[in-house]
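The structure appears below as structure tokens.
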Amino acid sequence: MITNLLRGAAAFCLALTPLTLPSPAAAATTETATTAVVPVPEVLPLEDAVGKLLVAEEDRTGYTRDSFRHWNTGLDASDGCNTRNEVLLAEAVQEPAVAAGCKLSGGKWISYYDGVEVSEAGKLDIDHMVPLAEAWDSGASTWTPARREAYANDQGAATSLVAVTARTNRSKADQDPATWMPPLPDAHCRYIGEWTATKLRWSLAVDQAEAEALKVYAEACETTVVHYNLAP
């Protein structure tokens with residue numbers, strides 16, 4: 001299960017703090033003491049990351065939400081928690097109690113889209129940073145069902161799924177940053193960084209209006225840094 005620490009570190013990577021970027025010659029992987037190969041993320045200023053996105057027309061032909069199976073058994077099939085509850089446990093700022101069947105009670109979360117503190121898991125939605133319909137439009141229509149399931153349940157990057165108030169998630173719906181942004185202005189740079197990281201992670205395209213909006217925000221968020229790994 002992804003820990004709060006790992007998610008906190010990932011969010012920090014996208015914070016508005018100048019960071020030193022690795023040289024282009026830096027190794028693409030690093031080895032742990034057990035010789036396991038761990039991918040090293042791409043690290044780019046937001047403006048450069050936006051520049052790497054492929055611009056293409058979108059097409060929603062054939063889309064249904066059922067094309068993306070979720071929520072599945074999550075990272076740990078033995079813990080009794082599906083992806084939704086694993087994300088809630090990972091993002092809690094105060095851990096909830098976990099009863100049989102992974103029923104959550106208590107706990108506390110901060111919805112970064114609007115800055116609202118939430119103390120009931122049922123009042124939170126797990127937002128796909130890039131909505132399922134938008135992903136379909138942008139390239140996922142050509143994927144296998146297994147890959148779409150992997151996308152819909154992606155906990156391999158802390159920015160792919162985020163616990164937010166149901167109100168903001170439903171306001172966002174399937175919109176991209178050309179037509180919707182979090183209501184909290186202080187969240188905008190983080191949001192654009194995470195949106196861009198998710199599109200790059202899954203090699204998803206952007207349409208022209210989306211690309212132009214991302215460029216405008218990137219100019220304003222000049223100290224935001226994007227970290228991402230390509231999805232397996």
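Worth knowing before you read on, the calculation uses all heavy atoms, side chains too, and leaves out hydrogens, waters and symmetry mates. The chain is numbered in sequence order, starting from 1.
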Tell me whether Glu212 is salt-bridged to Lys215, with the criterion being a basic N under 4.0 Å from an acidic carboxylate O. no
Restricting to side-chain hydrogen bond (donor to acceptor under 3.5 Å, both in side chains), what partner residues turn up for Trp180, sequence neighbours left out? Ser171
Looking at every heavy atom in both [X] and [Y], which two are closest together, and how far apart are they?
X      : Y      : answer
Ala218 : Val50  : CB-CG2, 4.2 Å
Pro177 : Ala213 : O-CB, 3.9 Å
Pro41  : Asn229 : CA-OD1, 2.9 Å
Tyr228 : Lys52  : OH-CE, 3.1 Å
Met129 : Thr159 : CB-O, 3.4 Å
Asp59  : Trp136 : O-CD1, 3.7 Å

Close side-chain approach of [X] and [Y], heavy atoms under 4.5 Å:
X      : Y      : value
Trp109 : Leu88  : yes
Pro183 : Thr168 : yes
Leu89  : Val98  : yes
Tyr217 : Tyr191 : no
Leu204 : Glu134 : no

Can you tell me if [X] uses its side chain to pair, donor with acceptor, with the backbone of [Y] under 3.5 Å?
X      : Y      : answer
Arg84  : Trp71  : no
Lys199 : Ala205 : yes
His70  : Phe68  : yes
His188 : Pro182 : yes
Arg69  : Glu149 : no
Glu91  : Ala163 : yes
Thr196 : Gly193 : no

Any residue meeting salt bridge (charged side-chain N to carboxylate O under 4.0 Å, His left out) with Lys172, in chain and number order, not counting sequence neighbours: Asp127
Verify the distance criterion only: is there a donor paired with an acceptor across the side chains of Ser78 and Asp76 at less than 3.5 Å? yes
Val162/Tyr112 under side chain to side chain contact (heavy atoms under 4.5 Å, CB included): CA gap, chis, key distance, verdict: CA-CA 9 Å; Val162 56; Tyr112 94 78; 3.8 Å; yes
Test side chain to side chain contact (heavy atoms under 4.5 Å, CB included) on Asp125 and Arg167 and set out the steps. CA-CA 9 Å; Asp125 280 357; Arg167 179 179 63 252; over 6 Å; no
Carefully, step by step, assess Asp154 and Trp202 under the rule side chain to side chain donor-acceptor pair (under 3.5 Å). CA-CA 10 Å; Asp154 182 21; Trp202 289 92; 3.1 Å; yes
Check: His128 ring centre within less than 6.0 Å of Trp195 ring centre: no
